[in-house]
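Notes to accompany the following structure.
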Amino acid sequence: DGRILAVRQAYAQSISSVSPNPVTGSTSSQTVTINGTNFVNKPTVFVTWTGGSSTLAASAVTFVSSTQLQMSINVQNDPDNWTVRVTNPSGTASNTFGFKVVAPTPVITNLSTNPSPPTTAGAFNFTISGSNFYPAGALILVTGPNCAPCTIPNGALTTKTTTTLVGPATLTTAGSYSFVVQNGFLAQSGAAGPKSGGANVTVTGGTVTPTVSGV
């Protein structure tokens, strides 16, 4: 009756916060804490993200107390808006609580070109190695002569993984250039995503002196 419903509502679990929030993207599982009230061991945890959802395995949920749970999730490197909901063994469900995932800061460990060094005579291919790249959104900012900066968009890249970015570039002025990886744009605000430090490329003049090695 109404009295039973009122009692159930009074003791229903509720999520008040998630920590950390935002969650920094990672290709490894990480622990996220759910804070609230009236959690019962062991609840079911359901998460959603853009284009997907999942009920976490029991092994991925840790019951700490009636006011705190921990979940182990892999959010990849994708900036997005997530939600979480907790259902107690009795079947009562909590409110749906939203939290943010932001792209990590990319790191460049090596940049190579083909040909090496590149020339102003035409296009060359570059390979950037490192970590924390956001494959679906990473782009390259190029700063140097006549570039303030030039931008190589994500769609122009031919290889896109969390550790390797490959693509073509054409720089028609000789000089030194800095290549920076930007992890797309923040899903929540549209602002520029995190940026790596720069890696330098020197472009030589387009005239190449031929060399005779034999007749």
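Both backbone and side-chain heavy atoms feed into the values below; hydrogens, waters and symmetry mates do not. Please read all numbers here as calculations on a predicted model, not as lab measurements.
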Revision key, fill the gap. Distance col, row Thr87:OG1 vs Phe46:CZ, nearest 0.5 angstrom, shows 9.0 Å
Exercise for review: Could you tell me which non-hydrogen atom of Ala192 sits nearest to which non-hydrogen atom of Phe185, and how far apart they are?
Suggested key: CA-CD2, 3.8 Å
Point to revise | Single-linkage hydrophobic cluster, 4.5 Å side-chain cutoff, Leu139 and Ile108 together | key: no
**Study point:** Over 12 foreign heavy atoms within 6.0 Å of NZ, Lys195
**Key:** no
Review point. Do Phe179 and Phe126 make the cut of ring centroids closer than 6.0 angstrom?
Key: yes
Study note, to complete from the structure: When rounded to the nearest 0.5 Å, the distance separating OG of Ser26 from CD1 of Ile73 is 10.5 Å
Exercise for review: Decide yes or no for Phe133 and Asn77: does some side-chain heavy atom of the first lie under 4.5 Å from some side-chain heavy atom of the second?
Suggested key: no
**Study point:** Contact check, side chains of Thr33 and Leu69, non-hydrogen atoms, under 4.5 Å
**Key:** no
Exercise for review: Verify side chain to side chain contact (heavy atoms under 4.5 Å, CB included) between Leu157 and Val166, making sure each step is shown before the conclusion.
Suggested key: CA-CA 6 Å; Leu157 301 177; Val166 178; over 6 Å; no
Point to revise | Where Pro145 and Ala174 come nearest, the two heavy atoms and their spacing | key: CG-O, 3.9 Å
Exercise for review: List the atom of Ala103, the atom of Asn183, and the distance in Å for their closest heavy-atom pair.
Suggested key: CB-CB, 3.8 Å
**Study point:** Check: Val75 and Gln30 side chains under 4.5 Å, non-hydrogen atoms
**Key:** yes
Check your understanding: Does a side chain donor of either Thr173 or Asn146 reach within less than 3.5 Å of an acceptor in the other side chain?
Key -> yes
**Study point:** Separation of Thr62 OG1 from Gln68 CD (nearest 0.5 Å)
**Key:** 10.5 Å
Review point. In terms of hydrophobic clusters joined by side-chain contacts under 4.5 Å, are Val203 and Leu111 together?
Key: yes
Study note, to complete from the structure: Heavy-atom nearest pair, Asn21 first then Gly98, reads ND2-O, 4.1 Å
Check your understanding: Is there a path of hydrophobic side-chain contacts, each under 4.5 Å between heavy atoms of I, L, V, M, F, W or Y residues, that connects Val64 with Met71?
Key -> no
Review point. Do the side-chain N and O atoms of Lys160 and Asn154 include a donor-acceptor pair separated by under 3.5 angstrom?
Key: yes
Practice item. Would you please test Ser65 and Phe39 for side chain to side chain contact (heavy atoms under 4.5 Å, CB included) and show each step? Key: CA-CA 7 Å; Ser65 69; Phe39 299 141; over 6 Å; no
Exercise for review: Step by step, work out the side-chain hydrogen bond (donor to acceptor under 3.5 Å, both in side chains) result for Ser17 and Asn35.
Suggested key: CA-CA 5 Å; Ser17 67; Asn35 301 302; 3.0 Å; yes
Review point. How long is the gap from OG on Ser178 to CG on Asn200, to the nearest 0.5 Å?
Key: 5.5 Å
Check your understanding: Closest heavy-atom contact between Pro168 and Ala156?
Key -> CD-O, 3.3 Å
Review point. Taking the side chain as C-beta and beyond, is there a heavy-atom pair between Gln13 and Val40 under 4.5 Å?
Key: no
Exercise for review: Tell me yes or no: between the side chains of Gln76 and Thr27, is some donor less than 3.5 Å from an acceptor?
Suggested key: no
Study note, to complete from the structure: Rounded to the nearest 0.5 Å, the CG atom of Asn88 sits from the CG atom of Asn38 at a distance of 8.0 Å
Point to revise | Validation row: Ile34, Val84 side chains within 4.5 angstrom (heavy atoms) | key: yes
Check your understanding: Any side-chain heavy atom of Val32 within less than 4.5 Å of one from Gln70?
Key -> no
Practice item. Report whether Val180 and Val107 are members of the same hydrophobic cluster (ILVMFWY, side-chain heavy atoms less than 4.5 Å apart, transitive linking). Key: no
Check your understanding: Okay, side chain of Thr161, backbone of Thr163: is any donor-acceptor separation there less than 3.5 Å?
Key -> yes
Check your understanding: What pairs meet the side chain to side chain donor-acceptor pair (under 3.5 Å) rule with one or both residues in residues 122-145, with sequence neighbours excluded?
Key -> none
Contacts table for residues 48-58: side-chain donor-acceptor under 3.5 angstrom, sequence neighbours left out:
unit_1: Thr48; atom_1: OG1; unit_2: Thr83; atom_2: OG1; d: 2.4
unit_1: Thr50; atom_1: OG1; unit_2: Asp80; atom_2: OD1; d: 2.6
unit_1: Thr50; atom_1: OG1; unit_2: Asp80; atom_2: OD2; d: 3.2

Practice item. Using a 4.5 Å cut-off on heavy atoms from C-beta on, say whether the side chain of Val101 contacts that of Pro79. Key: no
Point to revise | Reported CG-to-CD1 distance for the pair Leu165 and Ile140, which is rounded to 0.5 angstrom | key: 5.0 Å
Review point. Does Phe97 share a hydrophobic cluster with Val23, counting links as ILVMFWY side-chain heavy atoms below 4.5 Å and allowing steps through other members?
Key: yes
Practice item. Determine whether Ser72 and Ser29 make a side-chain contact, defined as any pair of heavy atoms from C-beta on separated by less than 4.5 Å. Key: yes
